[in-house]
Amino acid sequence: MLDEVERYIPSLERARAARCEVSTRVWWRRSAVNVLGWTPVRVRPLAALVVRARPKRVGDEAVAEGDATGIDYAYVPDVPLALENALTALLDPRGALPPECLRYDLDHAAFGAGPYRGGAPSDPEFHGFKLAEVMGQVRTVLDGWVEGRGGRDQVDVRVWAWPFLWISFRQTFVVREVVLVVRPDLNLQAYVGR
């Protein structure tokens with residue numbers, strides 16, 4: 001299973017080896033430059049949570065796969081808005097569902113409270129990629145949604161953690177924010193923001 005997950009883990013080294021280009025304009029050159037050649041000032045391994053939730057039954061009938069009463073959403077950690085929008089569109093679960101190797105168990109111990117009664121929740125992660133504040137967002141939305149449908153036994157909730165890198169580059173008064181993510185087709189995708 002780990003080998004399957006590793007195919008979806010992005011890295012700056014992988015992007016450079018694949019000769020990815022993230023072109024941007026800078027004030028000192030007429031042509032665009034590839035920011036992946038710059039030295040990063042900060043690299044943050046994060047993960048988005050992709051959620052698909054459906055009621056199991058409505059009355060006596062099973063719910064159809066395309067029923068609109070569920071949740072289909074990609075919760076992306078706090079990154080610049082343009083990068084968040086790009087990731088949300090790429091990871092939208094209304095299209096193809098994420099691969100099984102990226103499934104995340106919401107009932108995992110890392111999701112709950114810390115080791116001491118009343119302690120702060122532990123910082124959940126997926127293979128070293130932090131889930132940041134999205135875990136709280138997902139829990140808040142799902143808790144209300146599940147309660148409104150009769151409880152945990154009445155719903156089918158599936159969650160996947162999708163790793164990505166948020167990299168900050170800076171050179172000569174120019175700052176660029178870049179997100180690297182492995183797309184569902186296993187190709188590396190880069191998005192650049194300002």
Side-chain angles (χ1 to χ4, degrees), residues 1-11 14 44-79 81 83-114 120-166 179-189 191:
M1 180 72 124
L2 184 57
D3 289 341
E4 291 179 43
V5 172
E6 286 176 359
R7 298 182 318 163
Y8 291 94
I9 295 186
S11 71
R14 180 177 175 181
R44 290 156 285 209
L46 299 172
L49 283 177
V50 180
V51 177
R52 170 166 274 192
R54 298 281 184 276
K56 287 183 181 173
R57 296 191 167 278
V58 175
D60 292 330
E61 296 186 21
V63 175
E65 183 67 24
D67 189 343
T69 63
I71 298 172
D72 291 297
Y73 197 74
Y75 293 84
V76 177
D78 191 18
V79 296
L81 186 58
L83 298 175
E84 179 182 344
N85 289 340
L87 283 171
T88 301
L90 176 71
L91 303 177
D92 185 351
R94 288 175 291 187
L97 291 179
E100 193 62 28
C101 64
L102 298 181
R103 279 292 285 269
Y104 189 81
D105 181 7
L106 285 182
D107 296 324
H108 187 268
F111 185 72
S122 55
D123 193 8
E125 63 178 46
F126 180 76
H127 296 277
F129 287 75
K130 303 244 181 249
L131 297 169
E133 73 282 351
V134 298
M135 189 63 83
Q137 293 172 13
V138 169
R139 176 56 84 195
T140 299
V141 169
L142 282 177
D143 282 351
W145 185 85
V146 167
E147 185 67 29
R149 277 147 190 84
R152 191 83 162 155
D153 296 338
Q154 302 300 312
V155 297
D156 175 35
V157 176
R158 291 184 272 171
V159 178
W160 298 266
W162 204 293
F164 68 92
L165 286 179
W166 176 18
V179 162
L180 291 177
V181 62
V182 178
R183 297 187 324 219
D185 64 6
L186 295 176
N187 288 312
L188 199 60
Q189 176 75 45
Y191 298 102

Roughly how far apart are [X] [atom1] and [Y] [atom2], rounded to 0.5 Å?
| X | Y | atom1 | atom2 | value |
| --- | --- | --- | --- | --- |
| Arg52 | Leu97 | CZ | CG | 4.5 Å |
| Leu142 | Tyr75 | CG | OH | 6.5 Å |
| Phe126 | Trp162 | CZ | CH2 | 10.0 Å |
| Tyr191 | Leu90 | OH | CG | 4.0 Å |
| Lys130 | Arg44 | NZ | CZ | 14.0 Å |

I want to check something: taking the side chain as every heavy atom from C-beta on, are [X] and [Y] in contact at a cut-off of under 4.5 Å?
| X | Y | answer |
| --- | --- | --- |
| Pro55 | Trp145 | yes |
| Tyr8 | Pro98 | no |
| Cys101 | Asp3 | no |

Between [X] and [Y], what is the shortest heavy-atom contact and its length?
| X | Y | value |
| --- | --- | --- |
| Arg103 | Trp160 | CD-NE1, 3.0 Å |
| Ala74 | Pro93 | N-CD, 4.1 Å |
| Pro163 | Val181 | O-CG2, 3.7 Å |
| Val51 | Val159 | CG2-CG2, 4.2 Å |
| Glu84 | Val76 | CG-CB, 4.0 Å |
| Ser11 | Leu165 | CA-CD1, 3.5 Å |

Leu106 and Met135: CA distance, side-chain angles, deciding distance, side-chain contact (heavy atoms from CB on, under 4.5 Å) verdict: CA-CA 9 Å; Leu106 285 182; Met135 189 63 83; 4.1 Å; yes
Arg14 side chain to Ile9 backbone, donor-acceptor under 3.5 Å: yes
With sequence neighbours excluded, residues passing side chain to side chain donor-acceptor pair (under 3.5 Å) with Asp185: Arg183, Asn187
Derivation of the side-chain contact (heavy atoms from CB on, under 4.5 Å) call for Glu147 and Val155: CA-CA 10 Å; Glu147 185 67 29; Val155 297; over 6 Å; no
All side chain to side chain contact (heavy atoms under 4.5 Å, CB included) counterparts of Pro77, not counting sequence neighbours: Leu46, Ala48, Ala132, Glu133, Val134, Phe164
Partner set under salt bridge (Lys or Arg N to Asp or Glu O under 4.0 Å) for Asp156, not counting sequence neighbours: Arg158
